[in-house]
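Heads up, the thing below is written out as structure tokens.
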Amino acid sequence: MLAALCVTEIVSWGLLYYAFPVLAPRISVDTGWSPVAVTSAFSVALAVSALAGVPVGRFIDRHGPRLVMTAGSGLGVVSLVVIAASTNLLVFIVGWALAGVAMAGVLYPPAFAAITGWFAAGRLGALTTLTLVAGLASTVFAPLTAVAYEQLGWRGTYFWAAVVLAALTVPIHSLVLRRPWPHPVHADAEEPEAEKAYAAGVVRDSRFRWLAAGLTLVALAMYAALLALVPLMLERGLSPQAAAWVLGLGGLGQVAGRLVYTALARHASLTVRTATVFGLVTVSTAVLAVVPGPVGLLVAASMTAGVGRGIATLLQATAVTDRWGARGYGRLSGVLGLPVLLATALAPGAGAVLAEVTGSYATGFAVLAAVAAVGTVLMVASSSTGTPRSAGVASSRAA
């Protein structure tokens, strides 16, 4: 089951997400649509994904991930066909709105919920394995997308992406994710109200609010920088192929970060891990803002940003269980993920708008570094205040 999720995550992330930053500048040139309009369509997808995430999490808590992930894969295929065939900007935006619903059903949140439900003692190891493999999505698919564009154009690239998504994800989700889903904790007639009350209590915790605010700010900075990386590299004078490689090699940084995270989790407190990882995100964003080259140094900066981004994904995946235990994970992670995903939805447009307002992508990256710094402070506050994880787990079991 874990191997199946690894395959579907790397393909889903590669085709629904990482192909876009490579193709976006070319789509704008080919169609005449402005860069802000093109990136705004992708922002629509991420916003829809954020809004759909809460009900998706609740459904998975009750029924498991198989139906959601299978339907999400199928809708992803349809959405890529609509995007490829779009004759005007409105159809293009509709295609990305459909892709947003698909993302809510196939990207990390439902996969993390599946692992949290099916794995107990080995949860962190399974999450690490999944994110290690999926972390290669940009490394594999960004260069492949650039090559495909040269041969097929952006429309042909998205058509073939739909074919690959259909062949590799729909059957795997449908046929492999059949393990019985654990019955929710406190399974009685009052369970829905009890679980709502428990989740509401957690959401009122000041740590949850700081956590949500910090993750939201860091996500905005992190993903705006990621999606603006290719335009920044073009601004630095790199060719489109070289810019795609800079983006893709950042995925190796994600993998490297996740390789060391298990050891870091064993030997460092949650506060130290949080400060280190999100501090790295802040510093790497600032470095990309001020370093003009050479290419090797830009690749190193991109890979360093990838290290922080890779571990940040794991920290977000375990943020709820680290503080409050596994009870109501799907519901709470959906609530936590809503503002984070909405910020991620703003990220593509934020990078383009900052570049217009400040005069360059480099200056925009400096602003994003400052935003990440504020988010890091809030994240540290959420991890160092209140009851430790062990107490949170005990209280959740007693509730």
Side-chain angles (χ1 to χ4, degrees), residues 11-53 71-107 137-138 141-170 223-224 226-231 234 240-241 243-244 247 341-342 344-353 355-356:
V11 172
S12 298
W13 274 103
L15 299 178
L16 290 172
Y17 193 95
Y18 284 108
F20 178 79
V22 176
L23 294 175
R26 287 92 179 277
I27 293 172
S28 181
V29 171
D30 288 351
T31 61
W33 304 332
S34 73
V36 172
V38 171
T39 55
S40 294
F42 192 66
S43 292
V44 168
L46 298 178
V48 170
S49 177
L51 294 172
S73 295
L75 186 58
V77 173
V78 173
S79 70
L80 292 181
V81 171
V82 172
I83 290 166
S86 57
T87 55
N88 56 60
L89 183 59
L90 178 60
V91 176
F92 186 74
I93 293 171
V94 169
W96 279 111
L98 293 174
V101 180
M103 290 176 183
V106 299
L107 296 186
S138 64
F141 285 96
L144 282 178
T145 300
V147 171
Y149 172 81
E150 297 300 327
Q151 303 298 319
L152 305 170
W154 70 270
R155 295 183 188 275
T157 299
Y158 270 128
F159 270 125
W160 275 105
V163 172
V164 173
L165 196 70
L168 293 182
T169 65
V170 176
Y223 290 104
L226 173 65
L227 292 163
L229 186 58
V230 169
L234 296 176
Q241 287 279 6
L247 172 67
L341 288 172
L342 286 174
T344 306
L346 294 174
V353 170
E356 285 192 3

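The structure displayed is predicted, hence computed values, not measured ones.
Between Pro25 and Val230, the closest heavy-atom pair is CG-CG1, 4.4 Å. The two residues Ala244 and Ala142 come nearest to each other via the heavy atoms O-CB, 3.9 Å. Residues Tyr158 and Leu15 come closest through the heavy atom pair CE2-O, 4.1 Å. Taking both residues in full, the closest heavy atoms of Arg155 and Ala85 are given as NH1-C, 3.8 Å, listed atom of the first, atom of the second, then distance. Contact detail for Val36 and Glu356: the closest heavy-atom pair is CG2-OE2, 3.5 Å. In terms of heavy atoms, Ser12 sits closest to Thr169 at OG-CG2, 3.9 Å.
With Val48 as reference, Val44 is the one residue of Leu46, Val44, Leu51 to meet the side chain to side chain contact (heavy atoms under 4.5 Å, CB included) rule. When the options Ile27, Thr145, Val22 are evaluated for a side chain to side chain contact (heavy atoms under 4.5 Å, CB included) with Trp154, the one that passes is Ile27.
Interatomic distance, Leu346 CG to Tyr223 OH, rounded to the nearest 0.5 Å: 14.5 Å. Once rounded to the nearest 0.5 Å, the distance linking CZ of Phe42 with CZ of Phe92 reads 10.0 Å. Note: Trp160 CH2 to Leu144 CG = 14.0 Å, rounded to the nearest 0.5 Å. The CG atom of Leu229 sits 5.5 Å away from atom CG of Leu247, with the distance rounded to the nearest 0.5 Å.
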Next on the checklist: Run Leu152 and Phe159 through side-chain contact (heavy atoms from CB on, under 4.5 Å) and show every step you take.
Outcome noted: CA-CA 9 Å; Leu152 305 170; Phe159 270 125; over 6 Å; no

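Using a 4.5 Å heavy-atom threshold, the side chains of Leu227 and Tyr17 count as touching.
Partners of Phe141 according to the ring pair (Phe, Tyr, Trp, His ring centres under 6.0 Å) rule, which considers only residues two or more places apart in sequence or in another chain, do not exist here. Shown here are the side-chain contact (heavy atoms from CB on, under 4.5 Å) partners of Ala137, two or more places apart in sequence or in another chain: Ile10, Trp13, Tyr18. Considering only residues two or more places apart in sequence or on other chains, Ala71 meets the side-chain contact (heavy atoms from CB on, under 4.5 Å) condition with none of them. Not counting sequence neighbours, the partners of Leu168 by the side-chain contact (heavy atoms from CB on, under 4.5 Å) test are Val11, Val164.
Applying the side chain to side chain donor-acceptor pair (under 3.5 Å) rule to pairs touching residues 26-48 yields Asp30-Tyr149, sequence neighbours excluded. The side chain to side chain donor-acceptor pair (under 3.5 Å) pairs that include a residue from residues 84-94 number zero, where partners must be two or more places apart or lie in different chains.
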